[in-house]
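Below: the structure, in structure tokens.
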Amino acid sequence: MSDTFYITTPIYYVNDMPHIGHIYTTVMADAFARYQRLKGKKVTFLTGTDEHGQKIEKAASSQGIRPIELADRVVARYHDLWKLLNISHDDFIRTSEDRHKKAVAAIIERITAAGDIYKGEYEGWYDSRDEAFVPDSQVKDGVDTESGNPVERLSESSYFFRLSAFQDRLLEWYRANPECIRPKSRYNEVLRFVEGGLKDLSISRTSLSWGVPYPGDEDHVVYVWLDALTNYISALGFGSDDETRYDEFWPASLHLVGKDILRFHCVYWPAFLMSAGLPLPDQVFGHGWWLQDDAKMSKSVGNVVRPDHLIHRFGADALRFFVAREMSFGQDANFSDEAFLERYNADLANSLGNTASRTTAMMTRYLGGLVPQPTDEGPVPEAAAVAVEKYIQHMDALEPNRALEAAWQLLATIDVFLQERQPWNLAKNGDDGKAELDSVLYAALEGLRIASILAEPFIPGIAAELRAQLGAGELPLDMNGATRWGGLPAGTRLGEAQPLFPRVDIKAYLKEAEQENEKKAEAAAIAAGDLITIDDFAKVKLKVGLVKSAEPVPKSKKLMKVMVDIGEGEPRQLVAGIGERYSPADLVGRRIVVVANLQPTKLMGVESRGMLLAASIDGAPYLLSADDEVPPGTGVK
Ligand code: ME8
């Protein structure tokens with residue numbers, strides 16, 4: 001078995017800010033990378049950004065900046081986010097880097113030499129306003145359904161990759177390597193697709209300038225997928241003067257991707273590599289989709305998705321844990337605050353946090369914080385051995401949620417064991433209870449130490465904190481440390497105890513989340529341009545009016561009939577809901593502000609030909625007034 005492990009995430013587009021989906025893939029890749037390091041593998045973990053193409057060019061121009069400026073901005077966001085989430089990538093590749101361009105040129109040279117590239121005409125739907133081709137799937141009745149622009153059938157010169165010639169070789173590869181695509185359902189999907197036949201692939205554009213220049217033909221740039229997929233070898237120095245890392249780490253052990261881009265990774269990429277005479281990746285895993293309820297529903301309690309907020313409030317590890325534990329790897333899952341909070345309280349605050357804090361508190365109280373010498377640790381060593389074995393099996397089989405389940409079974413065993421043995425009672429029995437007390441607390445400590453190793457790939461920050469609290473901070477951190485019971489030496493002094501995950505009041509949190517979300521929605525509506533123009537405002541004719549007379553509308557508590565001089569000769573009759581705060585005597589002689597061009601209406605059978613303006617405090621009206629020197633009928637702007 002190889003002693004290296006090379007894992008990659010997709011490189012993310014820079015026309016969009018990172019969101020929960022990008023976080024998910026990267027966190028899972030990080031967990032696998034960390035796990036392989038614990039096993040002693042030499043790991044390279046790569047992530048990065050996909051910066052070329054029309055979408056990015058367009059997004060940049062709509063913001064009035066150059067594509068590279070947009071890319072720099074979004075890349076900075078990714079760097080910050082990965083730091084915040086404790087992502088342990090070894091490299092970050094950007095397709096705008098020279099090392100990448102060199103690798104793209106090198107792979108194209110090899111594919112060309114193999115005779116798999118020819119020049120032809122690419123025909124498609126062209127949007128002349130945006131100066132770009134639009135995918136067939138996006139066109140309906142001669143219109144681009146995304147931009148609304150008209151499109152026309154056009155063709156341009158393009159280089160093509162002879163993908164059609166690779167059908168048999170690809171099918172052979174899939175059949176000889178039934179694990180090369182996972183999960184199984186996706187393997188079958190890809191197989192069916194390729195069995196259906198393959199079309200040659202356009203790999204260059206002349207209608208685009210933001211891309212890797214096509215080697216030897218400056219009219220063309222390399223079209224997106226050949227450019228993007230090559231990142232996996234360009235980061236290893238392929239095509240550079242020094243290919244040692246490429247030689248050491250290629251082929252990749254695992255390309256982790258979302259199911260949306262499986263086909264590119266399982267059809268195009270292996271075909272490019274075959275043509276170039278390069279080894280194929282060991283495995284591509286297409287994970288499922290995080291779903292969230294639509295924006296409207298997200299306002300309702302429990303469906304507010306706010307990863308930034310969750311990280312800020314509960315810490316990176318809580319979010320990392322949730323996404324890893326909640327989603328069955330490979331399937332879709334729904335993201336909701338409610339599910340997050342429930343798991344947080346049950347698995348983190350309770351199973352992990354509470355078991356740890358009870359153990360360390362008893363250690364301090366009964367044993368002065370010094371790790372005791374055990375004699376009989378009960379069922380915990382066996383439970384630990386089982387948990388570790390299952391954990392390793394599931395991690396190796398890419399079932400991270402099940403690996404976590406196994407680790408948490410160990411925590412449950414410790415919890416039940418403490419309940420049964422009741423160290424608080426043993427402590428009361430003086431010397432008689434001492435040997436058992438020592439053993440029980442040792443078992444809990446050692447079980448927690450092992451659990452902290454299993455948890456490390458998923459919650460590295462808290463796992464380190466827990467190890468420090470257990471006095472295990474200096475012990476080597478690797479899987480051997482998990483498989484060996486008794487790693488925590490007697491006499492070790494425990495670190496300072498701190499709560500790991502304080503419990504959350506779910507109801508209060510959700511209420512607060514909902515309120516914040518409403519505020520955000522309002523702000524977003526304003527930001528999105530839900531503003532009125534000065535012309536909109538000018539439609540409302542406001543005038544200063546002098547109240548001539550006022551009387552209550554019969555049978556109404558609130559309504560008042562008011563006659564107002566607004567400079568029209570005859571006073572206007574208005575009906576206003578101000579009777580509870582103002583009497584007729586308060587009103588007569590007052591200068592108020594009136595909406596003069598409101599459609600007339602009837603209130604309690606009385607005609608009202610306008611509206612007066614009042615501030616409203618909890619529904620109670622406070623009239624707006626004008627200074628005495630303003631003549632009735634003066635316009636208000
Ligand atoms: O496709 N649930 O970049 P991209 C789970 N640049 N994962 C999700 C997700 C969701 N709702 N949304 C996104 C690209 N993802 C290309 C890739 S690779 C050579 C080029 C994750 O920014 C998932 O991993 O659109 C998906 O494959 C990826 O983000 C797409 O990121």
Side-chain angles (χ1 to χ4, degrees), residues 7-32 46-57 59 67 70-71 74-75 77-78 81-82 85 87 89 91-96 100 103-104 107 135 181-183 186 203 210-212 222-236 238 252 254-273 281 284-294 298 305 307 319-320 322-324 326-336 400-401:
I7 181 167
T8 66
T9 72
I11 46 169
Y12 305 115
Y13 287 129
V14 292
N15 59 329
D16 208 0
M17 287 299 174
H19 59 69
I20 192 69
H22 307 122
I23 288 176
Y24 180 66
T25 317
T26 312
V27 162
M28 297 318 295
D30 187 56
F32 290 122
L46 176 70
T47 188
T49 41
D50 189 354
E51 306 188 1
H52 292 135
Q54 186 185 304
K55 278 200 233 177
I56 284 104
E57 209 172 43
L70 174 65
V74 179
V75 166
R77 281 288 294 267
Y78 271 107
L81 185 63
W82 297 157
L85 280 164
I87 301 298
H89 51 289
D91 199 354
F92 188 106
I93 182 85
R94 300 182 54 176
T95 55
S96 56
H100 177 71
V104 173
I107 198 171
I181 303 167
R182 293 217 20 226
R186 306 251 149 79
I203 53 160
W210 178 235
V212 177
V222 180
Y223 193 53
V224 289
W225 282 99
L226 178 53
D227 170 354
L229 289 159
T230 303
N231 89 86
Y232 299 130
I233 52 176
S234 52
L236 296 177
F238 175 79
L254 178 60
H255 289 312
L256 188 58
V257 300
K259 62 181 180 181
D260 52 330
I261 54 175
L262 195 74
R263 201 173 281 179
F264 306 112
H265 284 79
C266 300
V267 182
Y268 296 6
W269 183 223
F272 294 152
L273 290 167
V284 178
F285 191 103
H287 67 64
W289 218 229
W290 279 103
L291 305 170
Q292 65 188 61
D293 300 311
D294 65 44
S298 72
V305 179
L319 183 65
R320 289 178 60 119
F322 173 74
V323 293
E326 183 77 3
M327 190 183 256
S328 287
F329 203 49
Q331 289 168 26
D332 292 348
N334 203 51
F335 196 104
S336 77
N401 52 305

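The analysis underlying the following values was restricted to heavy atoms, covering all of them including side chains, and did not include hydrogens, waters or symmetry mates. Residue numbers start at 1 and run along the sequence shown. Atoms within a ligand are numbered from 1 in the order they appear, just like the ligands themselves.
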Relative to the ring of Trp269, is the ring of Phe272 parallel (under 30°), tilted (30 to 60°) or perpendicular (over 60°)?
perpendicular
Between His19 and ligand 1, find which residue part has any heavy-atom pair under 4.0 Å and reply side chain, backbone, both or neither.
side chain
If you have a sec, work out which protein heavy atom is nearest atom 7 (N) of ligand 1 and how many Å separate them, to one decimal?
His287 CE1, 3.3 Å
In ligand 1, the atoms that come under 4.0 Å of a heavy atom of Thr25 are 21 (C), 23 (C), 24 (O)
Would you say ligand 1 has an N or O under 3.5 Å from any N or O of Tyr12?
no
For atom 11 (N) of ligand 1, which of Trp225, Trp290, Phe335 has the closest heavy atom?
Trp290
Just need the protein heavy atom nearest to atom 3 (O) of ligand 1, so name the residue and atom and give the distance.
Tyr13 CD1, 3.3 Å
Backbone N/O of Asp227 and side chain of His100: donor-acceptor pair under 3.5 Å:
yes
Between Phe285 and Phe329, how do the two ring planes meet: parallel, tilted or perpendicular, split at 30° and 60°?
parallel
Can you tell me the protein heavy atom closest to atom 29 (O) of ligand 1 and the distance?
His22 CD2, 3.3 Å
If you count the atoms of ligand 1 from 1 in the order shown, which ones are under 4.0 Å from a heavy atom of Gly288?
5 (C)
Closest approach of His255 to Thr8 (non-hydrogen atoms, all atoms of both residues)
ND1-OG1, 2.8 Å
Glu326 and Trp290, any side-chain heavy atoms less than 4.5 Å apart:
yes
Could you walk me through whether Phe92 and Val75 pass side-chain contact (heavy atoms from CB on, under 4.5 Å), step by step?
CA-CA 10 Å; Phe92 188 106; Val75 166; 4.1 Å; yes
Any idea which protein heavy atom is nearest atom 9 (C) of ligand 1, and the distance to it?
Gly21 CA, 3.3 Å
About how many Å separate CD1 of Ile261 and CH2 of Trp225, when rounded to the nearest 0.5 Å?
4.5 Å
contact_flag Gly286 ligand 1 heavy-atom lt 4.0 Å:
no
Distance under 4.0 Å to a non-hydrogen atom of Asp50: what atoms of ligand 1 satisfy this?
6 (N), 16 (C), 20 (C)
Side chain Arg182, main chain Gly330, donor-acceptor under 3.5 Å:
no
Which option, Ile93, Ile20, Ile11, owns the non-hydrogen atom nearest atom 20 (C) of ligand 1?
Ile11
For ligand 1, which atoms, with element, lie under 4.0 Å from some heavy atom of Ala228?
19 (C)
When only distance counts, is Ile261 in polar contact with ligand 1, meaning an N/O pair under 3.5 Å?
no
Under a heavy-atom criterion of less than 4.0 Å, does Tyr232 contact ligand 1?
yes
Polar side-chain atom of Glu51 near backbone of Ala71 as donor-acceptor pair, under 3.5 Å
no
In the protein, what heavy atom is nearest to atom 26 (C) of ligand 1, and what distance, to one decimal place, separates them?
Asp260 OD1, 3.4 Å
For Tyr12 and Thr26, does a side-chain donor sit closer than 3.5 Å to a side-chain acceptor?
yes
